[in-house]
Structure formats: structure tokens, C-alpha cells
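Note sheet for the following structure.
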There are 2 protein chains.
Amino acid sequence: MSEENPTREKILRACWELLEGGDTKVRMSDIAKTAGVSRQAVYLHFPSRADLLIATTRFIDEVEKVDDRLARSRAATTGRERLEAYIEAWGGYIPRIYGVGRAMMAMMDGDEEARAAWNGRMMAMRHGCEAAINALARDGDLAPGLETDDATDSLWTLLSVRNWEHLVQERDWSQDAYITEIKRIARAAFIRP
Amino acid sequence: MSEENPTREKILRACWELLEGGDTKVRMSDIAKTAGVSRQAVYLHFPSRADLLIATTRFIDEVEKVDDRLARSRAATTGRERLEAYIEAWGGYIPRIYGVGRAMMAMMDGDEEARAAWNGRMMAMRHGCEAAINALARDGDLAPGLETDDATDSLWTLLSVRNWEHLVQERDWSQDAYITEIKRIARAAFIRP
DNA sequence: TTTGAACTTTACACTATGTAAAGTTGACAC
DNA sequence: GTGTCAACTTTACATAGTGTAAAGTTCAAA
């Protein structure tokens with residue numbers, strides 16, 4: 001897991017666990033307690049709460065192997081397949097990062113570092129959208145009258161964590177129903193009829 | 001404006017103005033200073049920051065006449081017209097409330113009262129979505145295989161403030177481009193081909 | 001001239017982050 | 001054994017913002 005320091009890892013796992021638990025207000029002292037270390041020990045490893053959250057997202061990425069998941073969608077040959085594969089890959093990943101993502105998003109206004117870190121991740125996700133849209137365009141399957149840039153922004157918005165939150169968390173959709181519906185909308189909106 | 005108390009109104013307008021200005025961290029003391037009253041005077045009129053924000057959204061609703069705007073979409077006869085009219089009405093209203101909305105959304109995890117108030121507004125918006133979807137279904141124009149409940153949730157998600165934020169604030173889309181694209185996606189996703 | 005409401009001023013309690021520094025512990029070196 | 005170093009704990013404190021409390025000011029109306 002590329003984490004050789006056991007205390008650091010205990011803290012990261014504690015942070016992950018607590019945020020995953022849906023606790024909306026996780027304090028540094030909560031994390032310390034869960035990790036079984038003193039609050040000050042946390043500051044020995046992470047200069048600030050924002051840094052800890054950012055490190056936690058990176059840690060999750062490694063443990064859950066995001067890149068591998070998303071890379072798989074690149075194997076698809078046609079644009080249509082690629083679009084679906086990407087929605088499945090990213091859409092399936094959202095629940096894994098939602099806990100920490102929520103905390104990061106909450107921290108975004110106020111902490112510039114957290115904002116940049118989260119935006120960076122979202123821009124990486126946008127590249128996947130761009131690749132899918134470009135593959136569609138290459139096949140001549142992109143809906144007529146659409147610029148690839150705009151279609152990329154649209155798809156990126158459709159796949160946002162907030163939309164997942166709206167449907168799965170607030171409206172109680174199942175993960176499967178979410179994936180199915182997003183694919184349906186994406187097909188309808190981006191693929192030439 | 002139904003606001004007979006001048007000091008109270010000064011505070012509400014100050015709050016509105018500051019949040020509209022994009023300031024992400026507006027403090028009670030900032031609002032007091034802008035309103036030209038002492039910080040304590042604010043607490044004389046509003047028990048807490050959450051209450052002030054909630055009162056501000058209501059104030060904006062009255063000044064901007066949301067209900068009137070949204071009601072106009074009800075005049076449309078066909079489902080297709082109604083869908084477009086509703087997207088224009090609500091989509092056009094989002095920029096007016098975005099400043100305060102952002103502050104409310106930021107406050108949502110942490111303050112149950114703020115959460116309930118904002119969710120209430122969003123559920124009211126969902127009713128408009130439901131009416132548009134029902135009108136489409138009545139005309140036999142709803143895309144096949146769609147339950148009206150699910151379609152309502154989908155449209156509601158598509159029209160979320162967060163999606164407007166993604167496109168207009170983060171990706172620099174014009175308001176017109178936003179409206180046009182949301183209408184396009186909605187047509188593609190919800191109307192029988 | 002008094003009274004009362006609205007507002008100001010001053011002070012303080014509380015919570016969470018983050019800084020600072022002295023004390024403890026245990027492994028490893030010699 | 002003794003010393004030393006790093007990692008960790010403990011205690012204390014600075015800071016920022018919300019919200020409470022209460023005494024003082026002002027001004028208009030009875």
C-alpha cells in the first residue's frame with residue numbers, strides 16, 4: 001500500500017473510517033481517538049486538517065486502485081462502449097470516495113489547498129469524459145450540433161459526485177438504478193439517434 | 001416587500017449583498033458592519049446565523065417573486081412547452097439565489113435547521129419537475145420505459161443548483177448556453193423520440 | 001419628566017484548529 | 001549498563017467565530 005509508517009497509516013484509516021461512517025463533523029480529536037493516538041500525534045504527521053483529508057483521498061485511491069478501474073474503460077473499442085464503460089467505472093467508484101469527498105467539498109470554501117486538490121481530481125475525471133466524447137466523435141456517433149468541449153462539460157456535470165448524492169443519498173436510489181439512469185441519459189443526450 | 005422593520009430589512013439586504021458578492025466566508029460581524037448596526041443588533045433580530053440565512057432566502061423570494069416566475073410555466077398547455085418553460089423559469093432564477101444558496105448548502109452539514117429549510121425549497125422545485133413530467137406523460141410524450149417518479153428525480157437532479165454551478169461558475173458557461181444545453185438534455189432524455 | 005423600546009458597548013463562555021514545549025518510552029549503539 | 005534519538009504524550013496557550021448576558025445610551029411618545 002506504499003504506506004510504511006504504521007502510525008501514519010492508522011491515522012489515515014481512522015480518518016477514512018470516520019468519514020465513511022457518514023459523520024458530518026469529524027474533528028481532529030475524533031480521528032486521533034479512533035486511531036488510538038494523541039491529537040498532537042496527528043499534527044506530527046499532517047500539518048493541518050486539510051492536508052490530512054487530501055492525504056486520505058490519495059490513500060484511498062491507492063488502496064482502491066482508481067486508476068486501474070478507470071483505465072479499464074480505455075480498453076473499449078467503440079465510442080459507445082467507452083462511454084458506458086466509463087460511466088460504470090467512475091459511477092461505481094463514487095460510493096468509495098463519497099465520505100471523504102463530502103468532507104473535502106465542505107472544506108472547499110475556506111481552504112484553497114483543499115479546493116485545488118479536489119478540483120484536480122475532478123479535472124482528472126473530466127479527462128475521462130473527454131476521451132469518451134472524443135471516441136464518440138471519432139466514430140461519427142456524437143449527437144449532431146454538439147461541440148466536443150461542451151459535450152465533455154455536460155457529461156462531466158452529469159457524472160458529478162453531487163448528482164450521485166442527489167439520487168442515491170437524498171432520493172434513495174440504488175446504485176444500480178443510478179448507473180442505469182445515468183447511462184440512459186448519456187446515451188440520449190450524447191449519442192446520435 | 002412585507003418588511004416593515006427598517007433595521008431588520010437593512011440586515012437582510014446586507015446579508016444578501018455580501019453573499020451575492022461571492023464572499024465565501026461572511027461573518028455576522030461583516031453583515032452587521034455592512035448594515036451599519038452593531039453585531040449584537042443582528043442577534044436582536046435573528047437568533048442565529050442559520051436563521052438569518054433562512055430569512056434572507058425568504059426575503060429574496062419575496063423581492064424577486066419566485067412564485068410568480070415559476071407559476072408562469074404552469075400556463076403552458078402541452079407537456080413539451082411546460083418542460084421548457086419550467087427549465088427557463090427555474091434555470092433563470094438560480095443566479096438570483098446562488099449567493100445565499102451557496103452559504104445555505106455550506107451550512108447544511110452542521111445545522112439541521114438550515115438543512116431542512118434548503119431541502120424544503122428544493123422539494124418545492126421538485127414539484128415543478130413533477131408537474132412537467134406528469135404533463136408530458138399525460139400527452140403520451142414521456143420517453144418509453146420511464147416511471148414518472150424516476151423521471152421526476154432525474155429532471156430534478158439535472159436542474160440542481162450544483163449543476164448550474166458546475167457549468168456556469170466552474171466551466172464559465174454563459175447563462176444562455178446553460179439554459180440551452182439543459183433544455184437539450186431534458187428533451188433528449190425525457191421526451192419520446 | 002418619565003418610561004420603554006431599540007440599539008450599543010463591553011465582557012465572557014464555548015468550540016475547534018493549530019502552535020509550543022517539556023516529559024515519557026523503548027529500541028538500538030556502544 | 002548507559003546514553004541517545006525518534007516517536008509519541010501531556011499540558012498549556014493563541015486565535016477565530018458564534019452566541020449569551022447585562023449594563024449603558026438615545027430618542028420619541030405619554
Side-chain angles (χ1 to χ4, degrees), chain A residues 3-15 18-19 21-57 100 102-118, chain B residues 3-15 18-19 21-57 100 102-118:
Chain A
E3 196 54 65
E4 77 297 333
N5 187 319
T7 303
R8 196 184 144 96
E9 179 164 341
K10 269 196 299 184
I11 295 167
L12 288 168
R13 287 196 184 279
C15 182
L18 287 175
L19 291 170
D23 283 31
T24 172
K25 270 196 157 173
V26 176
R27 291 157 300 184
M28 293 300 262
S29 53
D30 298 326
I31 295 164
K33 194 189 289 181
T34 302
V37 299
S38 68
R39 188 171 71 91
Q40 295 321 299
V42 178
Y43 284 101
L44 242 40
H45 292 276
F46 306 95
S48 73
R49 189 169 181 276
D51 287 277
L52 171 55
L53 291 187
I54 292 165
T56 303
T57 66
V100 186
R102 195 177 167 198
M104 293 275 289
M105 291 186 292
M107 189 165 243
M108 272 179 62
D109 32 41
D111 189 287
E112 198 43 56
E113 207 188 350
R115 179 178 192 83
W118 184 253
Chain B
E3 196 54 68
E4 77 296 336
N5 186 320
T7 302
R8 195 183 145 97
E9 180 166 339
K10 270 196 297 182
I11 295 167
L12 288 168
R13 288 196 184 277
C15 182
L18 286 176
L19 290 171
D23 284 29
T24 171
K25 270 195 157 174
V26 176
R27 291 158 299 186
M28 294 299 264
S29 52
D30 298 326
I31 295 164
K33 193 190 290 180
T34 302
V37 298
S38 69
R39 189 172 71 92
Q40 294 322 299
V42 178
Y43 285 101
L44 243 40
H45 291 276
F46 307 94
S48 72
R49 190 169 180 277
D51 286 278
L52 171 53
L53 291 187
I54 293 165
T56 304
T57 66
V100 187
R102 196 178 167 197
M104 293 274 290
M105 290 186 292
M107 189 164 244
M108 273 179 63
D109 32 40
D111 190 287
E112 197 44 55
E113 206 188 348
R115 179 179 192 82
W118 184 253

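All chains are named by letter (A, B, ...) in the order of the sequence lines, taking the proteins before the strands, and each is independently numbered beginning at 1.
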Roughly how many Å is it from CD1 in I11(A) to C1' in dT9(D), rounded to a whole number? 13 Å
Figure out the CG/P separation between D30(B) and dA16(D), and round it to whole Å. 14 Å
Starting at atom NZ of K33(A), determine the distance to atom P of dA16(C), rounded to an integer number of angstrom. 11 Å
For R8(A) and dA6(D), what is the distance between atoms CZ and P respectively, to the nearest whole Å? 19 Å
note: M28(A), atom CE; dT17(C), atom P; distance rounded to Å ~ 7 Å
Under 4.5 Å between any side-chain heavy atoms of L19(A) and L53(A), yes or no? yes
Does anything in residues 42-50 of chain B come within less than 4.0 Å of DNA chain C? Heavy atoms only, and list the residues if so. L44(B), H45(B)
Within the side chain of D23(A), is there an N or O that forms a donor-acceptor pair under 3.5 Å with the backbone of V26(A)? no
Please walk me through it: do R49(B) and D111(B) pass side chain to side chain contact (heavy atoms under 4.5 Å, CB included)? CA-CA 10 Å; R49(B) 190 169 180 277; D111(B) 190 287; over 6 Å; no
Counting C-beta onward and ignoring hydrogens, is there a side-chain heavy-atom pair between T34(A) and I11(A) closer than 4.5 Å? no
State, with a plain yes or no, whether a side-chain heavy atom of I54(A) is found less than 4.5 Å away from one of F46(A). no
Expressed in angstrom and rounded to an integer, what is the separation of L53(A) atom CG from dA16(C) atom C1'? 14 Å
Side-chain contact test, heavy atoms from C-beta onward, threshold under 4.5 Å: evaluate it for R102(B) versus D109(A) and give yes or no. yes
Can you find a donor-acceptor N/O pair under 3.5 angstrom joining the side chain of R39(A) to the base of dG18(C)? yes
Strand contacts (DNA chain D) in residues 106-115 of chain B, 4.0 angstrom heavy-atom criterion: none
Do the side chains of R27(B) and D30(B) get close enough for a salt bridge, i.e. N-O under 4.0 angstrom? yes
L52(A), T57(A), V100(A) screened by side-chain contact (heavy atoms from CB on, under 4.5 Å) with C15(A), the one that passes: L52(A)
Spacing of Q40(A) atom CD relative to dA20(C) atom C1', expressed in whole Å: 9 Å
For L18(B) and dG17(D), what is the distance between atoms CG and C1' respectively, to the nearest whole Å? 16 Å
Can you tell if the side chain of M107(A) reaches within under 4.5 Å of the side chain of M104(A), non-hydrogen atoms only? no
